[in-house]
*Asks:* 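Please find one structure pasted underneath; my questions will follow.
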Amino acid sequence: MVARRPGLIAHCADVSDVRTAVRIASDIGILTAVRCGGHSLAGFSTCNGGLVIDLSRMRDVSVNPDARRARVAGGCLLGSIDTATQKAGLVFPSGVVSHTGASGLILGGGTGWLTRRFGLSCDNVEAFTLVTADGSIARADSKENMDLFWALRGGGGNFGVVTEFELKLHPLNSVVLAEGLAPEDNIRKLLQCWRGFMADAPCDLKWNLDLRLAPHKSKVPAQLHGRPVAGNSLIWTGAPEAVEPYFQRAFSLCHPDSVRCQTVSYLDLQTMADSDFPHGRRYYAKSGYFNYLDDVTIDRFLEALATIPSPATQIELAYLGGVAGQVAAEETAFGDRSAPFIINLLANWADAVDDALHVSWIRSVFAKLRPTMKPGVYVNFMSGDEQDRVPEAYQQRWERMVTVKTHYDPGNFFCLNQNVRPQLYCC
Ligand SMILES: Cc1cc2nc3c(=O)[nH]c(=O)nc-3n(C[C@H](O)[C@H](O)[C@H](O)COP(=O)(O)OP(=O)(O)OC[C@H]3O[C@@H](n4cnc5c(N)ncnc54)[C@H](O)[C@@H]3O)c2cc1C
């Protein structure tokens, strides 16, 4: 979707290279993009004619098993963190596709399988080291540059190039994973069951739903092929013997031949979705929160599912809460955590001739859902045409975001992101 041609790519090998690139580009005023994993749905990690600061040579991860801490360089992908931390039987809670960049994901917030158990990715950062717009190095943690520390946990790439994250780790090697498909006729009942059930569910349980067309795969019952279904994916991080009642409840509305339950290694869990989101596909997304999924909203989901335009497109629903929901709204820049339901309308298709069809489908479904949504949006699930929603992402935190931005980047050098404009900046 994003075909841009920068004038220059700086393949930085270390912090000193990043400082040189930032200083020169800032002095001469070149449009500059910062790239970690390149997964920005909005295409913010590249630009036409300007400079790309490419961090892909900065992928060191060092783990301190005793302290349960890791130092992670700014160009790491999630997979490099998982591989290094699993050698010590530890995990960092992050996203669900291993080729996503850690920097973009953590700076925006970071949700994934372990969000309810250990919090958002940004909740598990102890310190950031970054190169700011004037080329100097800053450290931000709970004692030093506290405003910056607050803003970096959810504020995206607005404040500088993060060259190192100091992360908290947690012990975990494997999880129980269960999957099943609910046929079309059961979806309404399933959504009604899920909305009530998750409110009291333990943090060890993550139950995600995706509404889509069932793939033509041998492990999918033939009568479901190509039909609208609700895919259920559950993981359980507690004692395996305690999971049965939760899974029974979840799968009572699924086709019995579609249900699978197994213990999987953490590395397998973290890579199982990789092939569903290959590079080179076309993606467009819109996202929002709900306090509650009322029956009108469920009707809208079912209407949308009936017109879904491609087999890879899906309506993803997740229930946050858990440890992520226990962090107060003002503690980090990341949005209000009180709305537990997060939805992501994600179109995924192959051919550019179908762009208009998919983009307009997402926009029309979003417009119908918008009236019952809670204001707010997760910046990492926003597309490139939603700049007007950035203040909505921060709401009561917006003024503080602008103040921190104005202090660290008064000329808006770091503008290719879900941008917080500094005060008195007018282009
Ligand atoms: C296939 C796929 C799966 C995804 N899965 C999840 C998921 O499970 N959970 C989730 O929360 N999100 C997920 N996302 C969204 C993802 O978090 C965002 O797209 C995120 O911005 C990607 O980070 P990146 O480093 O790969 O992207 P990039 O495109 O490299 O960068 C994204 C933004 O971050 C900035 N940036 C990058 N590196 C730095 C740095 N070191 N310092 C400062 N700014 C920097 C860039 O300038 C840009 O604005 C997914 C996206 C895709 C495409």
Side-chain angles (χ1 to χ4, degrees), residues 1-2 4 12 15 18 22 31-47 50-56 58-59 72-79 81 93-115 120-122 128-133 138 140 151-152 154-165 206 208 233 269-270 272-285 287 312 314 316 318 320 324 334 342 344 346-348 378-384 390 408-409 413-420:
M1 292 286 281
V2 182
R4 293 180 193 141
C12 297
V15 179
V18 174
V22 169
L31 179 67
T32 298
V34 181
R35 180 188 162 96
C36 173
H39 269 205
S40 161
L41 295 165
F44 287 138
S45 43
T46 185
C47 58
L51 169 70
V52 172
I53 297 179
D54 183 317
L55 303 173
S56 57
M58 296 173 63
R59 290 199 171 152
V72 165
C76 278
L77 305 185
L78 301 184
I81 302 178
S94 66
V96 302
V97 173
S98 74
H99 48 78
T100 308
S103 283
L105 180 128
I106 298 171
L107 290 166
T111 68
W113 288 117
L114 301 180
T115 306
L120 297 170
S121 305
C122 70
F128 300 84
T129 303
L130 66 160
V131 174
T132 54
L152 286 165
N158 271 288
F159 306 98
V161 183
V162 175
T163 52
E164 187 178 83
F165 299 84
K206 184 89 164 76
N208 294 344
S233 308
L269 177 77
Q270 286 294 97
M272 71 181 190
D274 285 6
S275 57
D276 292 334
F277 299 98
H279 294 289
R281 299 267 308 173
R282 309 181 81 77
Y283 300 96
Y284 184 79
S287 173
Q314 47 188 294
E316 301 174 333
L320 295 175
F334 183 85
I342 179 167
N344 190 25
L346 179 61
N348 172 346
Y378 173 31
V379 289
N380 277 348
F381 288 169
M382 287 167 72
S383 290
V390 181
Y408 285 95
D409 185 14
F413 176 71
F414 297 107
C415 62
L416 292 174
N417 40 54
Q418 298 299 354
N419 195 226
V420 177

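Read the numbers this way: they start at 1 and go in the same order the structure lists the ligands and their atoms.
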*Asks:* Using the ring pair (Phe, Tyr, Trp, His ring centres under 6.0 Å) criterion, which residues pair with Phe165? Sequence neighbours excluded.
*Replies:* Phe128

*Asks:* Output yes when a side-chain donor or acceptor of Gln418 lies under 3.5 Å from a complementary backbone atom of Gly384, and no otherwise.
*Replies:* no

*Asks:* Can a donor-acceptor pair be found, under 3.5 Å and without considering hydrogens, that links the side chain of Asn419 to the backbone of Asn158?
*Replies:* no

*Asks:* Got a second to check how far Thr132's OG1 is from Phe414's CZ, nearest 0.5 Å?
*Replies:*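 CZ of Phe414 is found 7.0 Å from OG1 of Thr132.
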
*Asks:* If you measure from OG on Ser94 to CG on Leu114, what distance do you get to the nearest 0.5 Å?
*Replies:*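 Nearest 0.5 Å value for the OG-CG distance: 7.5 Å.
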
*Asks:* Are Ser287 and Ile342 close enough that some pair of their side-chain heavy atoms sits under 4.5 Å apart?
*Replies:* yes

*Asks:* Could you name the protein residues that come within less than 4.0 Å of ligand 1, counting only heavy atoms, and order them by chain and residue number?
*Replies:*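 The 4.0 Å shell around ligand 1 contains Val34, Arg35, Cys36, Gly37, Gly38, His39, Ser40, Leu41, Phe44, Ser45, Leu55, Gly74, Gly95, Val96, Val97, Thr100, Gly101, Ser103, Gly104, Leu105, Leu107, Gly110, Thr111, Gly157, Gly160, Val161, Val162, Phe277, Tyr378, Asn380, Phe381, Leu416, Asn417.
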
